[in-house]
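Protein chains get the first letters and strands the later ones, always in sequence-line order, with residue 1 at the start of each.
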Amino acid sequence: MSEPPRAETFVFLDLEATGLPNVDPEIAELSLFAVHRSCLESPERDDSGTPMLPRVLDKLTLCMCPERPFTAKASEITGLTSEGLAQCRKAPFDDAIVKTLQAFLSRQEGPICLVAHNGFDYDFPLLCTELQRLGAHLPQDTVCLDTLPALRGLDRAHSHGTRAQGHKSYSLSSLFHRYFKAQPSAAHSAEGDVHTLLLIFLHRAPELLAWADEQARSWAHIEPMYVLPEGPSFEA
DNA sequence: TGCCAGGCCCTCTTTAGGGCCTT
């Protein structure tokens, strides 16, 4: 198998949605932080040596009102409700969102690598579902990196089969706590979780960049989480 | 009443089971 193209921009991504894959969820909030490769290769650090967020950072965060209801748990942890989003006159994930997303990505030097935690099983297929519903596409050379299997794989390689890994948690908050000895801020807001994800990435940037260069998957290979039933569309 | 993901990983494994991870 040939190696993926070397990404020049990494777009860190998180979605908040109406539930888990078992309920065919819809996106209610998305957040993207775009960081050029050069800023990840040599991150700035504070006096204690902790990596800091790059100064040059494009951000995009949008809320949208899904057509289907939130599960109780999804509303509880995200703080989002259909009523609240509707009250603020938020439209669903529509063509305007797609255009904004595409414009955001077009500002970044390609190829782009989308980065999400558990992205292969959640964020990427869900975003793919919403884009497919609208007949929209991302740049053809876009690739994706899932930090969950990447970090597990890196740790496994380091442990050399000594079973040192045990039952270590690889949730976003557990990783952050392990690396920074602190609780992540604003958990389960899309922007908060992207912030946490980016700091986790920076903590192990050289390894993750090398992982991405070898193992990032083409966006074209991402399958939608679910396919919406065929039905008449009365939209103009 | 029953509806209620799924691929990956670990171990008390491989003829399997259970938990993680995302909202």
Side-chain angles (χ1 to χ4, degrees), chain A residues 11-33 61-85 90 92-93 114-132 144-179 183-184 186-201 204 208 211 215-217 219 221-229:
Chain A
V11 175
F12 297 82
L13 162 75
D14 187 63
L15 306 177
E16 304 304 321
T18 55
L20 292 172
N22 56 308
V23 298
D24 290 359
E26 288 182 66
I27 299 173
E29 184 181 37
L30 65 80
S31 186
L32 304 98
F33 288 14
T61 299
L62 296 166
C63 287
M64 54 222 75
C65 187
E67 294 177 345
R68 276 169 284 174
F70 284 79
T71 64
K73 187 68 179 174
S75 263
E76 179 192 331
I77 66 173
T78 65
L80 295 170
T81 63
S82 297
E83 296 74 21
L85 290 160
K90 295 303 171 194
F93 193 106
L114 300 177
V115 184
H117 196 62
N118 202 28
F120 289 153
D121 285 334
Y122 190 79
D123 301 81
F124 302 145
L126 180 51
L127 180 61
C128 183
T129 294
E130 300 276 25
L131 293 175
Q132 190 179 76
C144 344
L145 169 69
D146 185 341
T147 45
L148 175 59
L151 290 169
R152 277 180 173 154
L154 288 170
D155 286 350
R156 199 164 49 241
H158 287 179
S159 70
H160 298 294
T162 58
R163 298 190 177 189
Q165 269 191 278
H167 278 112
K168 271 197 304 192
S169 170
Y170 283 81
S171 69
L172 204 62
S173 62
S174 294
L175 286 164
F176 187 84
H177 189 261
R178 199 144 72 230
Y179 294 164
Q183 295 299 321
H188 289 300
S189 80
E191 184 163 341
D193 284 348
V194 178
H195 182 270
T196 300
L197 175 63
L198 176 49
L199 285 173
I200 287 171
F201 191 101
R204 302 191 66 172
L208 287 169
W211 185 280
Q215 306 206 33
R217 289 187 198 172
W219 173 259
H221 293 158
I222 298 298
E223 296 285 337
M225 183 180 285
Y226 57 95
V227 179
L228 289 162

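The OH atom of A:Y226 sits 5.5 Å away from the OG1 atom of A:T129 when rounded to the nearest 0.5 Å. The distance from atom OG1 of A:T147 to atom CG of A:L208, rounded to the nearest 0.5 Å, is 7.5 Å. A distance of 9.0 Å separates CG of A:L151 from CG of A:D146, quoted to the nearest 0.5 Å.
Within the 3.5 Å criterion, the main-chain N or O of A:R68 finds a donor-acceptor partner in the side chain of A:E26. Side chain of A:S75 to main chain of A:F70: no donor-acceptor pair is present (N/O by atom type, distance under 3.5 Å, no hydrogens or angles).
Spacing between B:dG6 and B:dT23 at atom C1', rounded to whole Å, works out to 15 Å. Distance noted for atom P between B:dG7 and B:dC12: 26 Å (whole Å). Between the P atoms of B:dT13 and B:dG19, the separation comes to 16 Å (whole Å). Going from the C1' atom of B:dC4 to that of B:dT22 covers 16 Å, rounded to whole Å.
Here A:D24 lies out of heavy-atom contact (under 4.0 Å) with every strand. Using a 4.0 Å heavy-atom criterion, one finds that A:L126 contacts no nucleic acid atom at all. Residue A:D146 is classed as having no contact, given no heavy-atom separation below 4.0 Å to the nucleic acid.
Residue A:D155 contributes atom CG, which lies 13 Å from atom C1' of B:dC9 at whole-angstrom precision. In this structure, CZ of A:R68 is placed 18 Å from P of B:dT23, rounded to the nearest angstrom. Atom C1' of nucleotide B:dC21 and atom CG of A:L175 are separated by 11 Å, given to the nearest angstrom. In this structure, A:M225 atom CE and B:dT23 atom P are separated by 11 Å, rounded to whole Å. Distance CG (A:L13) to P (B:dT23): 11 Å, rounded to an integer number of Å.
Dashed line: the shortest gap from a side-chain N or O of A:S169 to OP1 or OP2 of B:dC21 is under 4.0 Å. The side chain of A:H188 places an N or O atom within less than 4.0 Å of a non-bridging phosphate oxygen (OP1 or OP2) of B:dT23.
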Practice prompt. Report the C-alpha distance between A:T196 and A:H117 in whole Å, list the side-chain angles of each, state the deciding distance to 0.1 Å, and finish with yes or no for side chain to side chain contact (heavy atoms under 4.5 Å, CB included).
Written response: CA-CA 10 Å; A:T196 300; A:H117 196 62; over 6 Å; no

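Across A:E191, A:E130, A:M64, A:E16, a single residue satisfies side chain to side chain contact (heavy atoms under 4.5 Å, CB included) together with A:L30, and that is A:M64.
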For nucleotides 2-8 of chain B, which of its nitrogen or oxygen atoms have a protein nitrogen or oxygen under 3.5 Å away, and what is each distance?
unit_1 : atom_1 : unit_2 : atom_2 : d
B:dA5  : O4'    : A:N22  : N      : 3.4

